[in-house]
Amino acid sequence: MSVRAVQGDAGRARRIKRSAWGLAALAVAFYLGFIAWSVLLGFG
Amino acid sequence: MSTTAIDTHGEMHGKGGVLAWMKRWITTTNHKDIGTLYLLFACLMFFVGGGMALVIRAELFQPGLQFINPHFFNQMTTVHALIMVFGMIMPAFAGFANWMIPLQIGAPDMALPRLNNWSFWLLPFATTLLLLTLFLPGGGPASGWTMYPPLVMQTGDAFPFLVFAVHLLGVSSILAAINVIVTIMNLRAPGMSLLKMPMFVWTWLITAYLLLLAMPVLAGGVTMLLTDQFFGSSFFEAAGGGDPVMFQHIFWFFGHPEVYIIILPAFGIISEVIPTFSRKPLFGYAAMVYATASIAFLSLIVWAHHMFTVGMPLGGQLFFMLTTMMIAIPTAVKVFNWTATMWKGELTFETPMLYALAFLFLFTLGGFSGLMLAIVPADIQYHDSYFVVAHFHYVLVPGAVFAAFAGAYYWLPKWTGVMYDERLGKLHFWLTAIFVNVTFFPQHFLGLAGMPRRIPDYAPQFADFNMISSVGAFGMGFAQLIFVWVVIKAARGRGEPATGQVWEGGTTLEWTVPSPAPHHTFDEPPVIK
């Protein structure tokens with residue numbers, strides 16, 4: 001089954017991609033945030 | 001593609017010979033294939049990590065150093081833990097997620113099938129990188145899986161490979177978590193509201209959010225280790241104004257949610273198995289959902305209970321002690337609800353149910369030792385002793401691993417199309433259940449008597465219980481070969497053909513498709529009443 005068929009209509013496919021990128025951004029923000037916070041606390 | 005006829009086009013791809021077979025398995029985007037890959041990989045890592053455990057227990061069989069030098073022993077304890085956590089139990093539950101989430105929500109596949117493939121294939125590369133460090137001149141990592149500085153800085157050549165392997169393992173988990181969340185939130189069949197989802201799906205939804213919050217923190221921590229080692233930073237180096245204890249905070253901010261990431265899907269499997277073999281619905285479904293969410297939330301604010309001996313202020317110790325004890329409440333709700341599910345049910349004791357019942361009792365025992373560890377003045381004695389080792393092995397082995405076995409036996413007929421050999425399954429269960437207790441129960445006493453952890457040799461007063469524990473470990477190890485035989489037999493189709501329903505008490509959507517489940521299912525979503 002094609003990816004498009006799995007994701008259904010174009011609207012749902014867009015929502016899926018947007019939420020996936022949003023969650024990825026959250027993970028990256030946490031990663032960078034913890035390092036940045038350590039630097040701001042005076043470490044590094 | 002029909003959902004009612006057996007569809008074998010997955011196998012048809014093999015007609016081009018070995019290269020076509022390899023191409024199928026390397027490039028597959030099918031959730032069932034990827035689930036199978038995760039599960040087989042986890043099985044392989046179970047034996048790799050288990051082999052390391054047997055090296056450890058062989059050395060600890062008697063006092064003195066018999067077989068290996070202390071540095072290699074430390075490599076074994078470190079890599080055993082890294083392999084079991086990141087290479088075995090997490091991929092095993094990811095395999096269950098891949099196979100069962102689309103089936104249980106009536107979706108044709110995971111929402112991001114190509115990302116799914118990549119999430120899996122990162123794992124063999126990462127674990128190969130990790131395992132190959134054992135063959136470097138200075139050996140592999142030997143600082144414990146917790147990688148505390150400054151000791152971890154003495155790792156030698158293996159250090160950058162360790163950091164990179166941890167990064168890759170983390171990326172794999174984060175991508176899988178994104179896929180799980182997006183799949184569950186977008187691809188549920190019409191009529192399946194969130195509070196109608198099976199508990200296994202709920203626990204994975206919550207676990208996926210925990211993964212997203214926790215794994216990047218570990219990645220940040222090991223990145224800072226890397227910059228300290230190679231780029232002149234001093235996050236954790238006291239001489240440069242840094243603080244090694246800060247790494248412990250960062251690591252355990254990841255590490256405690258990590259253990260809930262491991263156990264929540266296990267809870268989900270137990271919540272599927274017990275109702276099926278009690279022929280009764282799960283007691284208190286909504287309470288189970290809220291309890292799981294509470295456990296996940298609380299797991300984010302208990303991390304420093306791993307650090308009670310670092311010199312934390314009293315207020316901090318009290319806070320973490322209280323939150324840690326609080327987490328027992330929603331956990332107890334779950335244990336009571338599983339028990340209430342069985343009350344006045346029509347119980348039968350096939351192998352999945354045996355594992356679920358053993359989980360119920362033995363995980364609770366592990367929880368009790370956890371409560372003991374939560375009490376700060378007591379933990380000053382228990383910390384870094386074998387009492388801790390006993391606690392976490394009870395929640396991980398008769399906890400998470402037994403739940404994984406329960407799930408494997410429960411869903412094996414759906415995956416393979418045949419009933420597994422029940423006699424062999426029960427034999428596997430009884431041998432494993434007996435030997436796991438022989439291995440780990442004496443370790444409580446070793447800890448209480450004062451035996452430290454992570455030591456290759458010990459004082460003579462600890463000899464008897466160490467000998468018993470080692471005998472148990474070897475028994476448990478060899479008993480797992482029975483499981484391999486059960487799986488091989490079923491995979492080769494040697495057994496009674498399974499119906500779609502398989503288990504009389506099964507009520508979730510996977511039991512509405514044929515066994516083995518066709519390569520493609522729910523091309524048209526079912527309507528949930």
Side-chain angles (χ1 to χ4, degrees), chain A, chain B residues 1 29-31 102 107-115 167 170-171 173-175 177-183 185-187 208-209 211-221 223-224 227-228 231-237 240-243 246-247 249-250 253-254 519-523 525:
Chain A
M1 202 181 198
S2 70
V3 172
R4 169 48 65 92
V6 168
Q7 292 178 346
D9 59 74
R12 194 158 71 167
R14 247 193 325 270
R15 269 198 311 277
I16 286 169
K17 287 190 186 90
R18 254 205 313 259
S19 48
W21 281 113
L23 293 167
L26 178 67
V28 171
F30 250 66
Y31 170 69
L32 294 174
F34 260 79
I35 298 175
W37 189 13
S38 304
V39 172
L40 282 171
L41 282 174
F43 299 97
Chain B
M1 298 274 182
T29 54
N30 180 280
H31 73 101
D109 209 300
M110 299 291 283
L112 300 161
R114 289 171 295 211
L115 192 69
H167 273 133
V171 166
S173 291
I174 291 168
L175 297 178
I178 291 172
N179 218 339
V180 163
I181 293 171
V182 165
T183 301
M185 299 311 283
N186 288 280
L187 294 189
Y209 276 109
L211 270 166
L212 265 183
L213 296 175
M215 296 299 315
V217 178
L218 175 68
T223 302
M224 288 188 264
T227 59
D228 269 17
F231 300 112
S233 66
S234 25
F235 287 102
F236 310 123
E237 212 182 319
D243 185 3
M246 187 175 77
F247 180 84
H249 281 288
I250 294 172
F253 187 81
F254 145 78
H519 203 57
H520 298 294
T521 40
F522 297 125
D523 295 358

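Letters A, B, ... mirror the listed sequences (proteins, then strands); counts begin at 1. Note that the coordinates shown come from a computational prediction; the quantities given were computed from them, not determined experimentally.
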- Query: Any side-chain heavy-atom pair from Ser19(A) and Met185(B) closer than 4.5 angstrom?
  - Reply: no
- Note on the structure: Taken in chain and number order and not counting sequence neighbours, the residues that satisfy side chain to side chain contact (heavy atoms under 4.5 Å, CB included) with Ala5(A) are Met1(A), Ser2(A)
- Item | Contact winner vs chain A - Leu218(B), Thr29(B), Thr227(B), Asp109(B), heavy-atom pairs under 4.5 Å | Asp109(B)
- Where does Met110(B) contact chain A at under 4.5 Å (heavy atoms): side chain, backbone, both or neither? backbone
- Item | Contact origin within Phe236(B) toward chain A - heavy atom pairs under 4.5 Å | neither
- Task: Looking only at non-hydrogen atoms, find the nearest pair between Ala27(A) and Pro216(B) and report the distance.
- Result: O-CB, 3.2 Å
- Message: So Ile178(B) and Trp21(A), do their side chains get closer than 4.5 Å, heavy atoms only?
- Response: no
- Return the orientation label for the Tyr31(A) and His167(B) ring planes: parallel under 30°, perpendicular over 60°, tilted otherwise. perpendicular
- Task: With a 4.5 angstrom heavy-atom cut-off, could you sort out which part of Leu115(B) is near chain A: side chain, backbone, both or neither?
- Result: neither
Pair up each side-chain donor or acceptor in residues 6-18 of chain A with any protein partner under 3.5 Å, not counting sequence neighbours, and list the distances.
{"from": "Gln7(A)", "atom 1": "NE2", "to": "Ala111(B)", "atom 2": "O", "distance (Å)": "2.8"}
{"from": "Asp9(A)", "atom 1": "OD1", "to": "Gly11(A)", "atom 2": "N", "distance (Å)": "3.0"}
{"from": "Asp9(A)", "atom 1": "OD1", "to": "Arg12(A)", "atom 2": "N", "distance (Å)": "2.8"}
{"from": "Arg12(A)", "atom 1": "NE", "to": "Gln7(A)", "atom 2": "O", "distance (Å)": "3.2"}
{"from": "Arg12(A)", "atom 1": "NH1", "to": "Asn186(B)", "atom 2": "O", "distance (Å)": "3.2"}

- Note on the structure: Answer key: most heavy-atom pairs under 4.5 Å with chain A among Asn179(B), Thr223(B), Ile250(B) is Thr223(B)
- Bottom line for Phe231(B): the part with an atom under 4.5 Å from chain A's heavy atoms is neither
- Part of Asn30(B) lying under 4.5 Å from any heavy atom of chain A: neither
- Select, from Pro113(B), Gly240(B), Ala219(B), the one with the greatest count of heavy-atom pairs under 4.5 Å involving chain A. Ala219(B)
- Task: Give me the one residue out of Leu175(B), Ile174(B), Val182(B) that meets side-chain contact (heavy atoms from CB on, under 4.5 Å) with Leu23(A).
- Result: Val182(B)
- Report the distance from atom CZ of Phe253(B) to atom CZ of Phe30(A), rounding to the nearest 0.5 Å. 5.5 Å
